[in-house]
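Start at 1 and go down the list; that is how both ligands and their atoms are numbered. Here, residue 1 is the first one in the sequence, and each next residue gets the next number. Keep in mind the model is a prediction, meaning the values are calculated, not measured.
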Amino acid sequence: MKYSFLRVVPGISAIVFLSLFCLPVSGFSQEQRAPKAEWPWMNTNLSPDMRADLVLKEMTLNEKIQLLHGNGMPMFDPLTPTTAMSNRGGGYVIGIPRLRIPAIDMCDAAYGVRGSGENGRYSTALPANVALAASWDTEAALDYGTLIGRELRAQGYNMSLGGGVDITRDPRNGRTFEYLGEDPVLAGTMAARLIAGVQSQHIIGDIKHYAFNDQESGRGSVNVHIDERAARESDLLAFEIGVEQGHPAAVMCAYSRVNGVFSCENNFLLNEVLKRDWKFPGFVVSDWGGTHSLEKASAAGLDQEEGESIFYGERYTAGVQSGSISMSELDGHVHRILRSMFAAGVIDYPQQRSVVDPFAGLKVARTIEEDGIVLLKNDRAALPLDAAKIHTIAVIGAHSDVGMISGGGSAQVDPPAENAFVSSAQAPTPPNVEVWFPTSPLKAIAARAPHAIVKYDSGADPATAAATARGADVAIVFAYEWESEGMDLPNLSLPLHQDDLIAQVAATNPHTIVVLETGSPVTMPWVKAPAAILEVWYAGSDGANAVGNVLFGSVNPSGKLPNTFPKSEADLPHPTLVKPPPESQDFSGPVSPLQRAEGLPPFQVTYDEGVKVGYKWYDAEKKPVLFPFGYGLSYSSYRYSGLSVAPGKTIKATFTVANTGSRAGAEIAEVYVSLPASAQEPPKRLVGWSKVKLNSGEQRTVTVEIDPKYLSIFDVQKDGWTLVPGDYTILVGGSSQDLPLKTVVNLR
Ligand code: BGC
């Protein structure tokens with residue numbers, strides 16, 4: 001979580017230059033890298049499992065143990081002879097040059113490569129993961145992952161720590177921006193494509209934090225209670241899809257306890273669900289400091305300890321020597337690590353440093369942001385703005401003169417050069433600080449309205465801001481909420497009196513546009529007042545241009561909400577977030593291995609809402625919401641017709657979407673299903689979607705295939721997914737609360 005960024009490098013060209021003098025990093029010369037007959041595991045015709053076994057046969061006990069653990073965090077810790085060859089990322093596992101097995105050089109990379117500035121390099125900040133989820137665009141997810149993989153590789157890493165897929169059980173979770181929304185099918189599908197993109201660059205991809213790390217408060221001491229059926233159909237389903245479709249080489253187990261057992265020594269989660277039921281062939285790596293035991297963790301299926309070697313170093317060796325751990329159990333862990341290295345291609349394609357292309361990165365970041373911006377309100381077609389008709393614009397708030405906010409914690413990507421704004425207003429606890437990317441909405445707006453007078457007001461004083469807005473042709477208020485790992489939001493209100501700011505500006509100027517930079521849903525006591533509202537999330541390296549393009553209509557917004565915006569916290573399944581008592585907050589002073597093994601005293605959180613996460617909760621409880629899951633407007637309009645459903649091995653829903661507006665656009669057509677009443681499920685669940693690009697007047701017939709699992713329930717008695725015989729109602733439309741097409745199909 002420690003963070004600092006590049007202070008000395010004045011701009012992108014200098015950063016490119018810096019990247020240039022980095023050297024190849026595999027540690028092997030070309031000659032050494034070439035496959036040799038005496039290294040039979042270099043035969044690429046063999047399967048990763050066969051290759052792993054061939055290496056394993058040659059390994060000494062010490063070499064095996066070496067692969068089981070990290071060596072600190074080279075990013076923060078002083079370099080040692082062990083980590084001297086590392087790339088200074090979040091984790092480093094020593095390689096075995098004798099057998100041509102490279103080191104595993106890991107870096108956090110949720111929305112871009114972490115710590116680049118600190119290392120004198122540059123990386124692209126993509127829009128936050130939640131913005132990607134809002135695009136519902138699986139191709140965009142592939143591009144997102146591919147860019148991350150490419151930049152990791154260019155910087156000399158071969159393993160990504162990203163792929164966060166914990167679903168939004170509580171929107172106050174400070175990592176909501178790093179995850180992919182509240183629905184397991186949406187989140188799992190997008191995560192799978194993202195991981196496929198990362199791994200297409202011969203990088204070991206991961207999925208995290210397995211499982212139920214759904215709040216940051218007391219994440220190391222919380223004990224989550226949930227029944228198995230609800231667990232399998234909600235949070236675990238997102239991981240199941242991510243693992244089965246994305247084939248990540250690694251899974252990171254979480255800090256939290258689940259039903260009384262730490263995730264990283266939880267036999268049910270690791271051995272039974274992940275490895276047995278989902279047939280995950282890769283390795284499980286602990287979250288940093290999330291390992292709590294030796295024999296128990298090893299037997300439960302934890303393959304690798306990060307970032308230290310408290311249990312999986314000398315103690316593991318002693319365990320094998322004393323017989324408390326069998327050699328075959330050790331070999332099982334080593335096999336999984338090696339086979340994943342072969343499968344991801346890090347052995348056949350050793351990483352090689354190259355220059356990160358900032359301009360290519362900006363383009364990908366901007367395009368994905370444009371794809372994920374959600375238009376929440378647009379009265380009297382207030383948007384898009386027509387530059388030819390606008391003479392004065394007031395731009396207000398959220399440091400929109402200089403930059404846009406980004407998400408913090410281990411996901412943090414460094415901005416080029418300086419933080420665009422250094423905030424003291426919210427006084428976050430060091431080393432976690434708000435980081436503002438130097439992408440200026442004010443400049444982007446001025447560039448698109450070259451003949452208008454564009455005034456800026458910081459918004460610090462709502463009355464002054466309202467005076468600035470008075471009489472302007474349009475007032476654009478930027479409002480933000482910063483989120484980070486290691487903390488949760490106190491509530492869902494915009495902080496820093498921004499509700500008051502928006503209310504006062506909108507009361508003065510009827511043509512007020514609100515632009516929200518948030519990771520989580522926020523409440524909007526002022527929702528009726530402004531003419532238009534855009535949710536732009538954490539917008540990434542080129543966010544201002546993406547927002548400018550949507551405001552002025554060169555891009556037609558097409559994102560839809562991956563999280564419900566409730567009317568108030570009182571409507572959440574748990575109106576009050578359970579916080580750890582003082583004794584469960586932190587260890588005081590140095591922590592002995594024994595204390596680590598025991599962990600902090602647990603505190604209890606019961607997910608008695610079960611499978612009813614997000615819209616499933618509001619639907620079931622009949623609670624009206626501010627903006628529903630799957631909702632988002634366009635500058636165009638769409639009409640749905642002609643639903644037919646063909647049962648077969650997979651159910652196929654076929655229907656027609658027409659663009660009835662005057663602009664080209666993209667409509668996310670969503671397919672939900674209501675299960676038979678006997679299934680005792682929430683009123684409906686998302687089972688598929690298609691993002692359809694349509695010119696004005698164009699219509700297209702689309703078919704969405706529905707995976708039978710998404711129609712099933714998890715039957716704990718039968719220990720598997722089961723289709724409940726009966727009538728299934730298939731619903732199709734543009735939001736979870738606007739589903740004009742409906743048909744019933746009987747399945748048995
Ligand atoms: C976070 C992980 C991260 C790891 C390494 C942990 O605190 O929970 O998401 O990958 O640190 O930085």
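In this structure, Arg219 fails the cation-pi test against Tyr255, since its NZ or CZ atom is not both closer than 6.0 Å to the six-membered ring centre and inside 45 degrees of the ring normal.
Considering only non-hydrogen atoms, atom 3 (C) of ligand 1 lies nearest to Asp108 out of Val285, Asp108, Leu161, Asp206.
Heavy-atom proximity to Arg114, at under 4.0 Å, picks out these atoms of ligand 1: 12 (O). For ligand 1, the atoms closer than 4.0 angstrom to any heavy atom of Met252 are 10 (O). Contact atoms of ligand 1 toward Ser410: 1 (C), 2 (C), 3 (C), 9 (O), 12 (O) (distance under 4.0 Å to a heavy atom of the residue). Every atom of ligand 1 is numbered from 1 in the order shown, and the set under 4.0 Å from a heavy atom of Lys208 is 2 (C), 3 (C), 9 (O), 10 (O).
Asp143 contributes atom CG, which lies 11.5 Å from atom CD1 of Ile148 (distance to the nearest 0.5 angstrom).
Under a 4.0 Å heavy-atom criterion, Met73 is in contact with ligand 1. Contact analysis puts Glu485 in contact with ligand 1, with a non-hydrogen atom separation below 4.0 angstrom.
With a 4.0 Å heavy-atom cut-off, ligand 1 is reached by the side chain of Arg175 but not by its N, CA, C or O. Neither the backbone nor the side chain of Glu216 has a heavy atom within less than 4.0 Å of ligand 1.
Relative ring orientation between Tyr607 and Phe212 is described as tilted, the plane-to-plane angle lying within the 30° to 60° band.
Taking distance alone, with nitrogen or oxygen atoms compared against 3.5 Å, Tyr255 approaches ligand 1 more closely than that limit.
Glu182 and Thr564 form a side-chain donor-acceptor contact under 3.5 Å, judged by distance and modelled atom types alone.
Listed by chain and number, the residues in a salt bridge (Lys or Arg N to Asp or Glu O under 4.0 Å) with Asp166 amount to none (sequence neighbours excluded).
Between Trp537 and Tyr480, the gap from one ring centroid to the other reaches at least 6.0 Å.
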